[in-house]
Q: 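Let me give you the structure first, and then I'll get to my questions.
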Amino acid sequence: MRFYNTLTKTKQEFKPITPGKVTMYVCGPTVYNLIHIGNARPMIVFDTLRRYLTYKGYDVNYVSNFTDVDDKIIQRANEEGVTAAELSQKYIRETKKDMADMNVLPATTHPLATQEIDGMIRLIRDLEEKGFAYNVNGTVYFRTRKDPGYGKLSHKNLDDLRSGFRDLKVTGEAEKEDPLDFVLWKPKKEGEPFWKSPWGDGRPGWHTECCVMSRKYLHATTIDIHAGGEDLIFPHHENEIAQVECATGQEFANYWLHNAFLNIDNVKMSKSLGNFKTVREVGEHYDLQVLRFFMLSAHYRRVLNFSADIMEAAKASLGRIRTAVSTLNDHISGAKSVPLTEDEKRKLGIDEEGKKIPFEFKKDPMTGAEIWPEDMRRFRLEFERAMDDDLNTADAETAIFNLVKFANVEVTAESSREFAEAVKKEIVELSDILGLIVDVREEDLDEEIEQKIAERNAARKAKDFAKADAIRDELLAKGIILKDTRDGVKWERK
Ligand code: AMP
Ligand code: ZN
């Protein structure tokens, strides 16, 4: 398995520190509003990496934080007249709901920055004692010039950066020794949450939190994988490396993985342009499995464009897999329970006893090309080949489509039940590694609708008509029409 490592700018063979185990940290969102579909990209991509590593037999410890203290949180809380803690707790709940709806597994641990302040103070003190940090009137800065490795992740020319920062120095940052020095601890301002520290009341800088939470919950000084969106390479991850490596003298993480950005209609998504979409909004029009399918339809290091057309295409593609599974379900319930025929065994690539025949690639002596199996084993090999090559989920989806084509051709009304079941199991298992749920039965959908109706009834009772209307519209978008009758709410499919 190879990953592109931002640190070395090459694809490298993945070797975990402890055989059979993976420690992995993904920078999580700052929780001051509903997450947007850009935030969903690292969540879905790295959840898929985690699922794949687990599939490969690794025991994965996956940690992802919530940044629950930050200028934006404080500002938003003040605007809404609630405390920063109330606001962040609300959005942690909402984020977890969106994650569940996208079939993103909960992390092994989701630490909160505000619960880890002691550890951050200890790290900053350690850096101060070793001469890597200095205090100016209650603000503690990291002394970048003292760190010989600074810049190794972002591969930036530090002199250019310094000259770029020169203007800043004039505008109030004169107390820094170097324009590249960054804040580890900032003094409190009126109306802001604060903690006691050796440098006075205040709060830690953002970069410090991940240094502490990652190693604490992964129980390691050096971790295997550290990941996030590519905007985090500089300064966030560069500054994390600086702190940890200067404090411990050891590497922080062996593999640094970064996803490219998500654009909307070919334009960068940003709040100032007003063109961002929340996961919640998308969920009103689409099953969020469609969003997941769409996110994985491009390689994670390529810019991905979100548009109505592309989402419709993703919906149709996911629908094709689901239709194939549903057809297989019909075959299974209608098929004869007879032993597999010799032909079926051959098509599944299994021996007399029903065991998978191991496969080894050989080269065609004439052309030098690899010889692939002609049977169903082929698709899992294609899938793994794609995923092993820096998590190429786009090609992994293609492997599933090839398997679906095989299913559509090979499984007929004449097939044995066992054959249809084996083919279905293969589609469901490969899709599941991508976090895609493709065996959707009508009963499951019915249950989901009933639950939504109950939610709407509760909202109406609480006189939250906006929410009640939103639920009705959400169901309508999925083709479900609600009718208020004397016997309660009834529903039907459009
Ligand atoms: P933030 O809450 O801004 O710290 O972002 C949380 C995560 O979402 C980080 O890993 C960001 O890099 C990532 N992210 C934010 N916007 C986008 C985007 N438009 N496309 C892809 N990833 C993004
Ligand atoms: Zn981080």
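Both counts, for ligands and for their atoms, begin at 1 and track the order of listing.
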Q: Going by heavy-atom distance to atom 23 (C) of ligand 1, choose the closest among Gly228, Pro42, Gly38, Ala40.
A: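 Ranked by closest heavy atom to atom 23 (C) of ligand 1, first place is Gly38.
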Q: Using a 4.0 Å heavy-atom threshold (strictly under), name the region of Lys268 that reaches ligand 1: side chain, backbone, both or neither.
A: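 Neither; no heavy atom under 4.0 Å.
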Q: Can you say whether the rings of Phe252 and Trp256 are parallel (under 30°), tilted (30 to 60°) or perpendicular (over 60°)?
A: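 Judged by the thresholds at 30° and 60°, the geometry between Phe252 and Trp256 is perpendicular.
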Q: Quick check: Tyr255 with His226 (ring centres under 6.0 Å apart)?
A: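 Aromatic pair excluded; centres sit 6.0 Å or further apart.
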Q: Please state whether the separation between the Zn ion (ligand 2) and some N/O/S atom of His207 is under 2.8 Å?
A: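 Looking at His207, which is the residue asked about, there is no N, O or S atom under 2.8 Å from the Zn ion (ligand 2).
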Q: For ligand 1, which atoms, with element, lie under 4.0 Å from some heavy atom of Ala260?
A: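 Here the atoms of ligand 1 in question are 21 (C).
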Q: Can you tell me if an N/O/S atom from His237 lies under 2.8 Å from the Zn ion (ligand 2)?
A: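 Looking at His237, which is the residue asked about, there is no N, O or S atom under 2.8 Å from the Zn ion (ligand 2).
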Q: Which atoms of ligand 1 have any heavy atom of Leu262 under 4.0 Å away?
A: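 Those atoms are 18 (C), 19 (N), 20 (N), 21 (C).
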Q: Kindly confirm whether the Zn ion (ligand 2) is within less than 2.8 Å of some N/O/S atom in Glu240?
A: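 Checking the Zn ion (ligand 2) against Glu240, an N, O or S atom does fall under 2.8 Å.
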Q: Which of the atoms in ligand 1, numbered in the order shown and given with their element, are less than 4.0 Å from a heavy-atom of Gly229?
A: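 Near Gly229, meaning under 4.0 Å from one of its heavy atoms, ligand 1 has 10 (O), 12 (O).
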Q: Can you name the side-chain contact (heavy atoms from CB on, under 4.5 Å) partners of Ala220, sequence neighbours left out?
A: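 In terms of side-chain contact (heavy atoms from CB on, under 4.5 Å), with neighbours along the sequence ignored, Ala220 is linked to Ile223.
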Q: Got an N/O contact under 3.5 Å between Asn39 and ligand 1?
A: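 N/O-N/O distance below 3.5 Å exists for this pair.
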Q: Should the proximity of Asn259 to ligand 1, defined as any heavy atom under 4.0 Å, be assigned to the side chain, the backbone, both, or neither?
A: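 Asn259 to ligand 1: side-chain contact only, backbone stays beyond 4.0 Å.
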Q: Taking only Lys NZ, Arg NE, NH1 and NH2, and the carboxylate oxygens of Asp or Glu, determine whether Arg145 and Asp178 approach each other closer than 4.0 Å.
A: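 Counted as a salt bridge, because a side-chain N and a carboxylate O are separated by less than 4.0 Å.
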Q: Can we say Asp389 and Lys11 salt-bridge, meaning some charged N sits less than 4.0 Å from an Asp/Glu carboxylate O?
A: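 The answer is yes: the pair qualifies as a salt bridge.
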Q: Does a side-chain N-to-carboxylate-O contact under 4.0 Å join Arg385 and Asp388?
A: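 Looking at Asp388 together with Arg385, the answer is no, because their closest N to O distance does not fall below 4.0 Å.
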Q: Given the side-chain rings of Phe306 and Phe294, with only the six-membered ring counted for Trp, is the space between their centroids under 6.0 Å?
A: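 When the ring centroids of Phe306 and Phe294 are compared, they turn out to be within the sub-6.0 Å range.
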Q: Report yes or no: does a heavy atom of His258 sit under 4.0 Å from some atom of ligand 1?
A: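 Not so, His258 does not reach ligand 1.
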Q: What is the closest protein heavy atom to atom 16 (N) of ligand 1, and at what distance does it sit?
A: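 The protein heavy atom lying closest is His36 CE1, 3.4 Å.
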Q: Is a salt bridge present between Lys196 and Asp201, judged by a nitrogen-to-oxygen distance below 4.0 Å?
A: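 Looking at Asp201 together with Lys196, the answer is yes, because their closest N to O distance falls below 4.0 Å.
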Q: Is Arg203 salt-bridged to Asp71, cutoff N-O under 4.0 Å?
A: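 Salt bridge flag = yes for Asp71 with Arg203.
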Q: Using heavy atoms and a 4.0 Å limit, tell me yes or no: is Ala227 in contact with ligand 1?
A: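 False for this residue.
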Q: Please name the atom of His236, limited to N, O or S, that comes nearest to the Zn ion (ligand 2).
A: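 Checking each N, O and S atom of His236, the shortest distance to the Zn ion (ligand 2) belongs to NE2.
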Q: Within the 4.0 Å heavy-atom shell around Leu232, which atoms of ligand 1 are there?
A: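 Near Leu232, meaning under 4.0 Å from one of its heavy atoms, ligand 1 has 9 (C), 10 (O), 12 (O).
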Q: Considering only protein heavy atoms, which is closest to atom 2 (O) of ligand 1, and at what distance to one decimal place?
A: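 Here the closest protein heavy atom is Thr30 N, 3.1 Å.
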Q: Mind checking whether Phe182 and Tyr150 have parallel, tilted or perpendicular rings, split at 30° and 60°?
A: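 Parallel: the ring planes of Phe182 and Tyr150 meet at under 30°.
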Q: Has ligand 1 got any nitrogen or oxygen that is less than 3.5 angstrom from a nitrogen or oxygen of Asp231?
A: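 Yes - when backbone and side-chain N and O of Asp231 are compared with those of ligand 1, one distance drops under 3.5 Å.
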Q: Tell me whether the NZ or CZ atom of Arg301 lies within the 45° cone about the ring axis of Tyr4 and under 6.0 Å from its centre.
A: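 Yes; both conditions hold, so Arg301 lies above the ring face of Tyr4.
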